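Some notes on the structure that comes next.
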Amino acid sequence: MRIFPKILIGFLQGNKLRIHILGICGTFMAGVAGLAIKKGYTVTGQDKSYYSPMKDQLCDLQITENITEDLISDLVNCDIVIIGNSQSRGSPSVEYVLDNKLKYFSGPEWIKENILKDKFVFVVSGTHGKTTTTSMLIKILEENNLNPSFLVGGIYKEENISYKYTDSKYFIIEGDEYDTSFFDKRSKFIHYKPNTLIINNLEYDHSDIFDDIVQIKKQFHFLIRTLPKEANIIFDDKDENILSLLSMGCWSKKISYYKNIKINNIIGEHNFKNSGAAISAAETIGISKEKSIKALEKFCGVKRRLEKINNKNFILYDDFAHHPTEILASYMAIKKLHAGKKIFVILQIESNSMIAGTHKEQLINTISEIEICYIFCKKNISWINSISNITVFDDIDIIVDKIKQSIEIVDIVILMSNGDTSDLIMKLTRYE
């Protein structure tokens, strides 16, 4: 009697392979979980912490919450392991995978092999604006009846989900420059093989894995070197770092994206640029500029990207901005939209780059442009504490009380953080 490997048996039984995801509550990995389920796999997972909105998405997918890095039965009994880039050597679950020679993939590698084959792939990259530009491009294709599949680095507000899998030939994916996994230090986007690549902008960031902008350019150039001559590169021809990158060698079609796009329901100069990039990308598959603008006139924004939160006492915005360029762009957009209004900014410092002081001078200059800015950080930031005119609070309730005490003059509050803001939103809306 012939013995079949259990992975082959799984396929013969209708693709019901059991996938276990380590680091499942990450923005990217929760989307991978959804795509795998749509493809017919059984999915389980675990993580060291669970937080909204991805916690809610996993709950909707009926994936059991396992808050642990230790060995669990779902891992022991799975066929394939997908390992997120939050996982590292020394974790009991990771060590079990390696010691027992389980079949494992990084998230981007699994997507390349199981999702993106035979698709026309749009990859949206750049230091800032990836999620917004990705969402804009999704909206354009949807309004033109192309029903694309997608994976966003956040929640696509139109459908309140971060992923979608359809029978469309088009797949839109956010291309992160962060590293793939502990066993693959290339940027995630190297795996996606785009037909159309957007490079929205390029700045130094992620100081925990990159020493300088040169290293980031090298990762982008690794991607460019893999693109065929028929591929399209949509880029900002005013961005010196992108021009420098392309001068390293480019063999594909270079298309400068539209400038000076103005759409009534879109806020901020940075988002006008994002819309220009999305419109130019859509043109590579024959969608006209006019049709794209018409589609974006129905665009309702992105969750946690200058998202307006219901609040009675003042206007409240929740924003993912965590790099000085993003912080200033969001603030100036709201200041222009609400001219003459009293704006209070709560800036939560949580990214490794910001804590390390990588953007020290740029952040100081940005804060100087903001009339009222409260900075919150749980960790001791020695470099910022030494600046005489800046106070850092380690207790968010103190900041909330200051807002409450000033409630008669508060018109607008902007929360800026790449962390979970749900608790802070609750505290600020409690005084309604």
Side-chain angles (χ1 to χ4, degrees), residues 27 126-133 153-154 177-178 200-208 213 216 236 239 241 266-274 301-309 314-339 341-379 381 383-385 387 389-394 396 399 402-403 410-421 424-425 428:
T27 304
T127 309
H128 317 297
K130 291 186 290 292
T131 300
T132 299
T133 306
E177 69 270 25
Y178 213 81
N200 217 358
N201 42 64
L202 200 52
E203 281 195 85
Y204 179 52
D205 201 5
H206 307 308
S207 62
D208 51 330
I213 188 68
I216 297 175
D236 181 358
D239 189 308
N241 284 324
I266 291 175
I267 302 171
E269 294 296 325
H270 59 306
N271 282 326
F272 294 147
K273 289 183 177 181
N274 293 335
V302 181
K303 197 166 185 66
R304 294 216 58 215
R305 269 63 176 183
L306 282 181
E307 181 185 12
K308 197 172 182 180
I309 307 296
F314 48 80
I315 299 172
L316 178 62
Y317 289 96
D318 185 19
D319 194 56
F320 197 71
H322 57 281
H323 182 287
T325 299
E326 298 166 345
I327 293 165
L328 185 58
S330 291
Y331 175 73
M332 296 307 292
I334 296 301
K335 186 177 181 180
K336 183 176 181 180
L337 181 67
H338 300 282
K341 298 294 184 180
K342 200 76 168 178
I343 303 173
F344 287 64
V345 171
I346 301 176
L347 173 59
Q348 182 173 345
I349 295 182
E350 202 164 273
S351 75
N352 293 323
S353 296
M354 290 283 274
I355 290 171
T358 303
H359 308 299
K360 175 180 176 180
E361 297 303 326
Q362 194 177 357
L363 180 62
I364 292 169
N365 292 336
T366 293
I367 292 172
S368 70
E369 297 287 332
I370 300 173
E371 184 179 358
I372 304 169
C373 183
Y374 297 121
I375 302 175
F376 170 62
C377 186
K378 295 178 182 178
K379 297 184 179 180
I381 312 177
W383 65 265
I384 201 168
N385 286 331
I387 302 170
N389 62 335
I390 296 178
T391 301
V392 180
F393 298 89
D394 60 7
I396 197 64
I399 297 176
K402 286 182 176 291
I403 298 289
V410 177
D411 295 313
I412 298 163
V413 174
I414 312 174
L415 312 180
M416 296 186 178
S417 170
N418 65 332
D420 183 6
T421 56
L424 179 52
I425 290 172
L428 287 169

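Excluded from the calculations below are hydrogen atoms, water molecules and symmetry mates; all remaining heavy atoms, backbone and side chain alike, are included. Just so we're clear, the structure is a prediction, and the values are computed from it rather than from any experiment.
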query = Heavy atoms, side chains only, cut-off 4.5 Å: are L415 and I309 in contact?
reply = no

ask   = Taking only residues two or more places apart in sequence or in another chain, which ones pass ring-ring contact (aromatic ring centres under 6.0 Å, His included) with Y178?
value = H206

task = Say whether, by atom type as modelled, one donor and one acceptor occur between the side chain of N201 and the main chain of T127 under 3.5 angstrom.
result = yes

request  = I would like to know whether N200 and K130 meet side-chain contact (heavy atoms from CB on, under 4.5 Å); could you show each step before the answer?
outcome  = CA-CA 8 Å; N200 217 358; K130 291 186 290 292; over 6 Å; no

key: side-chain contact (heavy atoms from CB on, under 4.5 Å) partner of Y374, the single match among I403, L347, V413   = I403

inquiry  = Any heavy-atom pair between the side chains of I367 and I364 that's under 4.5 Å?
reply    = no

request  = Using salt bridge (charged side-chain N to carboxylate O under 4.0 Å, His left out) as the criterion, list what pairs up with K342, not counting sequence neighbours.
outcome  = E371

inquiry  = To the closest 0.5 Å, what do you measure between CD1 (I267) and CZ (R305)?
reply    = 14.5 Å

request  = Please examine the side chains of L328 and N365, heavy atoms only from C-beta on, and report whether any two atoms are closer than 4.5 Å.
outcome  = no

query = Among all residues two or more places apart in sequence or in another chain, which pass the ring-ring contact (aromatic ring centres under 6.0 Å, His included) test with F320?
reply = H322

inquiry  = Taking ring-ring contact (aromatic ring centres under 6.0 Å, His included) as the definition, give me every residue that meets it alongside H128, ordered by chain and number, with sequence neighbours left out.
reply    = H323

query = Among all residues two or more places apart in sequence or in another chain, which pass the salt bridge (charged side-chain N to carboxylate O under 4.0 Å, His left out) test with D318?
reply = R304

query = With sequence neighbours left out, which residue pairs that include part of residues 411-421 fulfil the salt bridge (charged side-chain N to carboxylate O under 4.0 Å, His left out) condition?
reply = none

task = Flag the pair F344 / K402 as yes when at least one side-chain heavy-atom distance between them is below 4.5 Å, and no otherwise.
result = no

ask   = Under 3.5 Å, is there a donor-acceptor pair between the N274 and T132 side chains?
value = no

query = Is Y317 close to H338 at the side-chain level, that is, under 4.5 Å between some pair of heavy atoms?
reply = yes

request  = Go through the side-chain N and O atoms of Q348 and T421 and say whether any donor and acceptor fall under 3.5 Å apart.
outcome  = no

